[in-house]
Amino acid sequence: MVAPTVGPVYGEKPSSVVDFSYVGIDAILEQMRRKAMKQGFELNIMVVGQSGLGKSTLMNTLFKSKVSRKYVQATAQEKIPKTIEIKSISHDIEEKGVRMKLTVIDTPGFGDQINNENCWQPIMRFINDQYEAYLQEEININRKKRIPDSRVHCCIYFIPPTGHCLRPLDVEFMRRLSKVVNIVPVIAKADTLTLEERDFFKQKIREDLRANGIDVYPQKEFDEDQEDRMINEKIREMIPFAVVGSDQEYQVNGRRLLGRKTKWGTIEVENIAHCEFAYLRDLLIRTHMQNIKDITSTIHYEMYRVRRLNENNTGAVHTNGLSDHSAHEM
Amino acid sequence: MEEYPVPPSAVEESNHEFHSSSDERDSCFIPPNNHQTDDLQYLQHSSHSDDSEVENIMHEPLHQQQHPLQVPEFPELGRHMGGGECPLSPSLLRPPVAGSAQSDSSSEAAGSRCRSVEFDLPSPLSPSRPKSPWGLFDPYENSEDQDKEYVGFATLPNQVHRKSVKKGFDFTLMVAGESGLGKSTLVNSLFLTDLYKDRKLLNAEERITQTVEITKHTVDIEEKGVKLKLTIVDTPGFGDAVNNTECWKSVADYIDQQFEQYFRDESGLNRKNIQDNRVHCCLYFISPFGHGLRPLDVEFMKALHEKVNIVPVLAKADTLTPSEVRKKKIKIREEIEQYGIKIYQFPDCDSDEDEDFKQQDLELKESIPFAVIGSNTVVEAKGKRVRGRLYPWGIVEVENSAHCDFVKLRNMLVRTHMQDLKDVTRETHYENYRAQCIQSMTRRVVKERNRNKLTRESGTDFPIPAVSGVADSDTEKLIREKDEELRRMQEMLQKIQDQMHTQNY
């Protein structure tokens, strides 16, 4: 049915020209939008990388406000913790009527020890704990209307700008975590690389990722249709993004811009000729945010759930043939 | 936007040139400009296919009046526009854009601050204006905000919207009421379809032996790119028999079955494509010939009000004068309250909605039950073509809200409250069903376990909850039934596991 005219959404007045073929089901989108605006959104981002790579600064730059833990928790000194800690800070931000509860999960201590074996374990445990919490809520008898979503939607992994290739720690971490969470690798502090070095480095990283079978976001297998694939192919040709973060503004040509001022020039964070921060921001926030959340909930979380349910089923089985947990989980 | 005579492929520009480029730029904001030049380069390089597509996209924003940042459709190749945090003032941006987009002659290289392999990520700030029904809403359109900087997540609703449009929506509507109240005609009028093309109306003798059946018709409707899979559940035979005791039972069972099916799917292992067949709304047709609600009406609604959203409808309202309609409505509302029937309640307005909306909402609440007239035929009178019924004394116009509440019902059902109906079904009715189901299942399993423990450990002092007071034969029967059920549950679980295994390989 093709509607020749656009009907008003609510409260149609009797008109002399009756539109014979317009039912108005497209108004459901408006209803959904209203509902979404009322409810608000949630986003949980985890940042992982060695200390000093600019993780907190990048978060602040992304969300244009001081969301990282450094500003929220008064740290007396910047000491490298002995073990990896997981610190999560939540903020409620609003823009143009859209409210979002943003949680930044920081992992100080990652990769900073002398022996970094298994440093990914606390992180994996944390991610799985969030899935578990969500699962428990879901199988509860009296469920909440809207289960609070603390699952990690996206993990930004910071690669130090060595210019050569991925380090073994990077490979190990990403290999394990790409199976449970969406990983977005970025080249941190990219202002130490010239453009050719950057290209070369990126290429090497992509090769390394391919060689190790690491599937970072956007994953090839989750492309839904042709147009998604086209868009995502382009993104895949550009990852990892080379970013520079800054939360200080400088005057450049009459405008105040975020940047880093050095003696040889000012690096503008949002200038895509300087660094790829704008692309990262567009990907994460403006275009693919919903997709990231969907992949987390429909793929990663479902995999976790299936695994858990299977564990339960093959676990304790009574002699009456009925497994212990099937009553609880159903 | 400045044009630089440097060839696009020159990557190794000195920092000095970078500087001069940024210094000489006017107060246009940087990112959008960059994006635009990227696109221009993209055009000129033609390294990828679909150049013409990109060109069209570049041109489109120019033709639209106030919004140079608009993007026609979200997922186009190389489409960009307005990726920057703040919208540009139209006056400043349009001429340069016009200049560069249209002059794609290779002699004029665009500002070459970008590398040759660069292109743009699509970054929609606004949905397509003329096409999408959200055309009224563009988060970053307001030009007074051009100096502020935005993070950009107000596009989230648009992203969600895009996904839903791709997936399409579904809605299940049940119509219930005696035969001859105009249910089929109303459904056809509501959705402008002809669902009942090959219907065979039974005569009186055939109807004597008929039981209430449940029939389902599904139709796919698409409007403006939005797809709706509409399922109409009909209850022919309801209230037709001589003895109508419990004739709503099959209806209640059907609704429960849908809940159960959804519950199984949701608890299963593969949740990718769950079909939602739950009944979202039930239109109950009240006959206009009585004095308010009849006993059958009351019983039906009471049996179903906790399972489905009931919207009462006063059928064939063209047999009533306006004052009769008013009186009947008041009477029916009173009786509904008197009998404690919980019909679907419209959600209250937020305090920040505009007056218009609140007024309409109030009118809606006071129109229950909706006095409707259905018609799918178009009649002509006084030069006007209207959908209506032609009588010797005049024409009843279905879509005239002075004549009947059809428009109100349709707006409520389709245009404003469809989402809410689905939400209430999902959050209230389904959750109630699920909680009951789980509780009864756990109770059964506990009993079963206790019974097993009893047979195995007959020597021990074991508290036997329910078994003692019941006669033996009854207990045996109960136990056998429960055994069957448990076996079925086990089989189902096994089936789901097998399914999962086969899907893994």
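Residue numbering restarts at 1 for every chain, and letters A, B, ... go by the order of the sequence lines.
A salt bridge does not link A:Arg305 to B:Glu266: none of the charged nitrogens lies less than 4.0 Å from a carboxylate oxygen. The pair A:Glu138-B:Arg271 meets the salt-bridge criterion, with a side-chain N (NZ, NE, NH1 or NH2) lying under 4.0 Å from an Asp/Glu carboxylate O.
For the set A:Ile299, A:Thr61, A:Asn140, the entry with the most heavy-atom pairs within less than 4.5 Å of chain B is A:Asn140.
In A:Lys261, the NZ atom is not crowded: 12 or fewer heavy atoms of neighbouring residues, nucleotides or ligands sit closer than 6.0 Å.
Neither the backbone nor the side chain of A:Leu43 comes within contact range of chain B, judged by heavy atoms closer than 4.5 Å. For B:Asp423, the part sitting under 4.5 Å from any heavy atom of chain A is the side chain, from C-beta outward, and nothing else. Only the side chain of A:Tyr301 comes within contact range of chain B, with at least one heavy atom under 4.5 Å from a heavy atom of that chain. Residue B:Leu413 does not touch chain A at all, counting heavy-atom pairs closer than 4.5 Å. With a 4.5 Å cut-off on non-hydrogen atoms, A:Phe41 touches chain B through its side chain but not through its backbone.
B:Lys422 NZ to A:Met32 CE: the interatomic distance, rounded to the nearest 0.5 Å, is 8.5 Å.
Side chain of B:Gln419 to main chain of A:Gln31: no donor-acceptor pair is present (N/O by atom type, distance under 3.5 Å, no hydrogens or angles).
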Task: Test log, rule side chain to side chain contact (heavy atoms under 4.5 Å, CB included), inputs A:Arg143 and B:Arg434 - done: CA-CA 10 Å; A:Arg143 311 197 276 206; B:Arg434 181 178 173 272; 3.2 Å; yes
